[in-house]
Amino acid sequence: MLDKIGIAKRIAKEIKDGYYVNLGIGIPTLVANYIPKGMNVVLQSENGLLGMGPFPFEGEEDPDLINAGKQTITTVPGSAFFDSAMSFGMIRSRKVDLTILGAMEVAENGDIANWKIPGKMVKGMGGAMDLVASAKNIIVAMQHVNKANESKLLTKCSLPLTGVKCVKKIVTELAVLDVTSQGFKLLERAPGISVEQIKNATEGKLIIEGDIPEMQIE
Amino acid sequence: MLDKIGIAKRIAKEIKDGYYVNLGIGIPTLVANYIPKGMNVVLQSENGLLGMGPFPFEGEEDPDLINAGKQTITTVPGSAFFDSAMSFGMIRSRKVDLTILGAMEVAENGDIANWKIPGKMVKGMGGAMDLVASAKNIIVAMQHVNKANESKLLTKCSLPLTGVKCVKKIVTELAVLDVTSQGFKLLERAPGISVEQIKNATEGKLIIEGDIPEMQIE
Amino acid sequence: MNKVVKNAEEAIKDIQDNAVLMLGGFGLCGIPENTIAALVKKGVKGLTCISNNAGVDDFGIGLMLKTKQVKKMIASYVGENAEFERQLLSGELEVELIPQGTLATRCLAAGYGMPAIFTPAGVGTEVAEGKETRKFIVDGTEKEFLMEMAFDADFAIVKAWKGDPQGNLVFRETARNFNPMMAMAGKITIAEVEELVPLGALDPDHIHTPGIYVHRIFKGEKYEKRIEQRTVRKK
Amino acid sequence: MNKVVKNAEEAIKDIQDNAVLMLGGFGLCGIPENTIAALVKKGVKGLTCISNNAGVDDFGIGLMLKTKQVKKMIASYVGENAEFERQLLSGELEVELIPQGTLATRCLAAGYGMPAIFTPAGVGTEVAEGKETRKFIVDGTEKEFLMEMAFDADFAIVKAWKGDPQGNLVFRETARNFNPMMAMAGKITIAEVEELVPLGALDPDHIHTPGIYVHRIFKGEKYEKRIEQRTVRKK
């Protein structure tokens, strides 16, 4: 079973040289740490930055320089600032190659729910609805099951949707899956996890074809 | 009867302190020379400039710095450059206080035609359709009659329209007129011009109420 | 054209109860601190605030929530704010949550004189309820969009890094965020700046918001610039 | 991410006959001189050119008209060009004239992923023929707008003052004009620049076009920067 860092490391392998990538809050943010050295990738932060760098050194925090998670950050050479209209303009016009974000639920048709639990305090969708509605390629980093051991990869989402038919790939603590027109297609098992365990943890339609290899995350 | 400079001088009196003004090609361009000193007026050029200054001194022309008439110009302190989308954005959102432009024909309901003569070479509307469709206040600088002595202030425009019901005021070689819901309202006569002459030169409905004063242009 | 006013109090003198305000900033970054303080001091009530976030309990728009000056909040992400939550759950505060890009683009639409825009954000979700949808062909595929209306705000209140007396504004880093669009979108736009520079001191090629969009400008007395999530690495 | 190509020839290597091109510039100001020269040399034909103007007889897009490479011109203002007039009147050249703000905003729409925009420009004129109109309430008054579609161009060709290897662009004075919007609107965007500077040399706060929109960049060999209307005053 993968921990958060394992999930982040596995997702990092999906990033290609020359990609512009938007990383959501949580596990997706960690992905930045595992992009292979020498690969040219530009991170977009939807509050208005291309070319996000690592956290600042202690004492060098700049209150004017934050990411979409409101964390203090730095920039890399070649970065550019812009306003929120242009930021979501480039998102809507599909200039961002890959969007990585978290989810509470994903359905077998690619629907995603990650912003609202009815009856609980609602914090808002932020930029998530814009991102999932427009992204060319969406990878979701999520837990396969909730704390009650119920599947979060469903036939149909039970929570209010963030976007419809948009998720392309899912990386969980148990597996890597593609979202296809037929359902969740199992691609890889986490180290030490059996196909049977993944079957039991997946409520939505799961497609298993041939031998399912174990992930290579290092 | 006014010459072009007279028309420009008379129009300059319509400009108020604090105005943002867009000047069209031809007579309107001349208006800039007669804005009273000490009055704070910012000239907008729709190719992407606020704060247009006079022509450059000989030898100081900058090919990157032109107005919407493609003439070499200068800037004044406090000027700002922007792209064409923002330029027409501020025009559409009615931030420009006054638009001054030429016309081939104006109708008594405020319709204007100034971009196309069927059968002749058509050069295009440039920014004129955007300007007349959005401007808060439009003053037209034009000749009252054409070379064949036919009125250009008409019941209905005969040429293809640039915009509908948009002209607010007209300054010609003969008169100053407001465009009202009842028709052309005569406000002032040019020096030496009689009300009768203006009547004869105006095809559209002309409203004459009381004494019509002579223009003060200096 | 001198748009300089003395301070925040003078800048907001005609903001009345029940006004619709846009407030720039993302989280606590690039927020009009001085104007918010003046609004709290003035005590205008029944405000509708359009802002990406609602501040925290004791900073930003949170200060106006504490004094119950806000009737309605239009935002993309709230929370981080216990008083907000209390007012929302008790029904004292009305909240409309909209996607962040929709918020930004509805401001842009107002500033660019476009009555409505089309966005795919929220299609098929509860955000789409009651809204007109329309299909367009994009890159050869039919795709559904929501029609979203331009905002109509009485005042836009923004914070810039530098400004000149004509209202030309320059923003710094990610403190730019929603400020330029909101500056364009207000019927009256009030800009507070860290540095008020003389006319001609700003490079005309590098002005983010041309002064034509700005009605009043003043130098903020002080800036706390509070950091919401201080994340660092060791040297 | 190095997007630098050697020269204009390399930048246009995959532009084929019948391509739809956007070309930046206003009059002869801010036009991609080097790329136009390369297109003439390459001799691709049947082009649709979206550009505010069509150049003059022996400069700018006029050079591609002379060689009859242009099938269709979408512009707001043409003329100043005898060969253009001849081809238009003889029916060799198709011309679609649209308002300048509509041209700019249809580019913006493409770059911002908005399939259509609403503008009042052209309402009640022949520009409105065959187009969908729609009324909206603006400032309390009903006003009619045209729905205009985002452009769909294969290539955008722009000219900037400075650029870096990632494609970040900075424009100078009124040579900015349509270039930033077109840069955002092309499926493939080619930028030629006067100065190609190292990564990090441009101030991130003052980049007009972020590199994400630019696919290829090169330093133009030389710039004639012809002046269309030389107007001066005496010292």
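Bear in mind the structure is a predicted one, so any value in this text is a computation, not a measurement. By convention in this document, chain letters (A, B, ...) are assigned in the order of the sequence lines, proteins followed by strands, and residues within each chain are numbered from 1.
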In Å and rounded to the nearest 0.5 Å, what is the CD1 to NZ distance from Ile170(A) to Lys152(A)?
11.5 Å
Give the C-alpha distance, both sets of side-chain angles, the deciding distance and a yes or no for side-chain contact (heavy atoms from CB on, under 4.5 Å) between Glu192(C) and Tyr223(C).
CA-CA 11 Å; Glu192(C) 59 171 81; Tyr223(C) 285 95; 2.6 Å; yes
Partner chain C: residue of [options] with the largest heavy-atom pair count (under 4.5 Å):
options	answer
Met86(A), Met129(A), Lys165(A)	Met129(A)
Ser87(A), Ala68(A), Gly59(A)	Ala68(A)
Ser84(A), Ala133(A), Ala113(A), Gly163(A)	Ser84(A)
Pro54(A), Pro160(A), Gly48(A), Ser134(A)	Pro54(A)

Portion of [X] that has a non-hydrogen atom of chain C nearer than 4.5 angstrom:
X	answer
Thr162(A)	backbone
Val132(A)	neither
Asp111(A)	neither
Phe88(A)	side chain
Lys116(A)	side chain
Glu60(A)	side chain

Can you check whether [X] reaches [Y] side chain to side chain, under 4.5 Å on heavy atoms?
X	Y	answer
Val140(A)	Leu101(A)	yes
Lys66(C)	Asp57(C)	no
Gln143(A)	Ile7(A)	yes

Would you say NZ of Lys156(A) has more than 12 non-hydrogen atoms from neighbouring residues, nucleotides or ligands within 6.0 angstrom?
no
With a sphere of 6.0 Å drawn around NZ of Lys187(C), does it hold more than 12 non-hydrogen atoms of other residues, nucleotides or ligands?
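Correct, the count exceeds 12.
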Max heavy-atom pair count under 4.5 Å with chain A, selected residue of [options]:
options	answer
Gly27(C), Gly122(C), Cys29(C)	Cys29(C)
Gly30(C), Cys107(C), Ala175(C)	Ala175(C)
Lys235(C), Gln229(C), Arg233(C)	Arg233(C)
Ala128(C), Pro99(C), Pro120(C)	Pro99(C)
Ala104(C), Gly101(C), Ala54(C)	Gly101(C)

Atom group of [X] that falls short of 4.5 Å from chain A, counting heavy atoms:
X	answer
Phe84(C)	side chain
Ile98(C)	backbone
Asn53(C)	side chain

Between the main-chain N or O of Gly102(A) and the side-chain N or O of Asn114(A), is there a donor-acceptor pair closer than 3.5 Å?
yes
Using a 3.5 Å distance criterion without hydrogens, assess whether the side chain of Thr105(C) forms a donor-acceptor pair with backbone atoms of Ala85(A).
no
Thinking salt bridges, do Lys225(C) and Glu194(C) make one under a 4.0 Å N-O criterion?
yes
One thing to verify: whether Arg172(C) and Asp62(A) come together as a salt bridge, which I'm taking to mean a side-chain N less than 4.0 angstrom from a carboxylate O.
yes
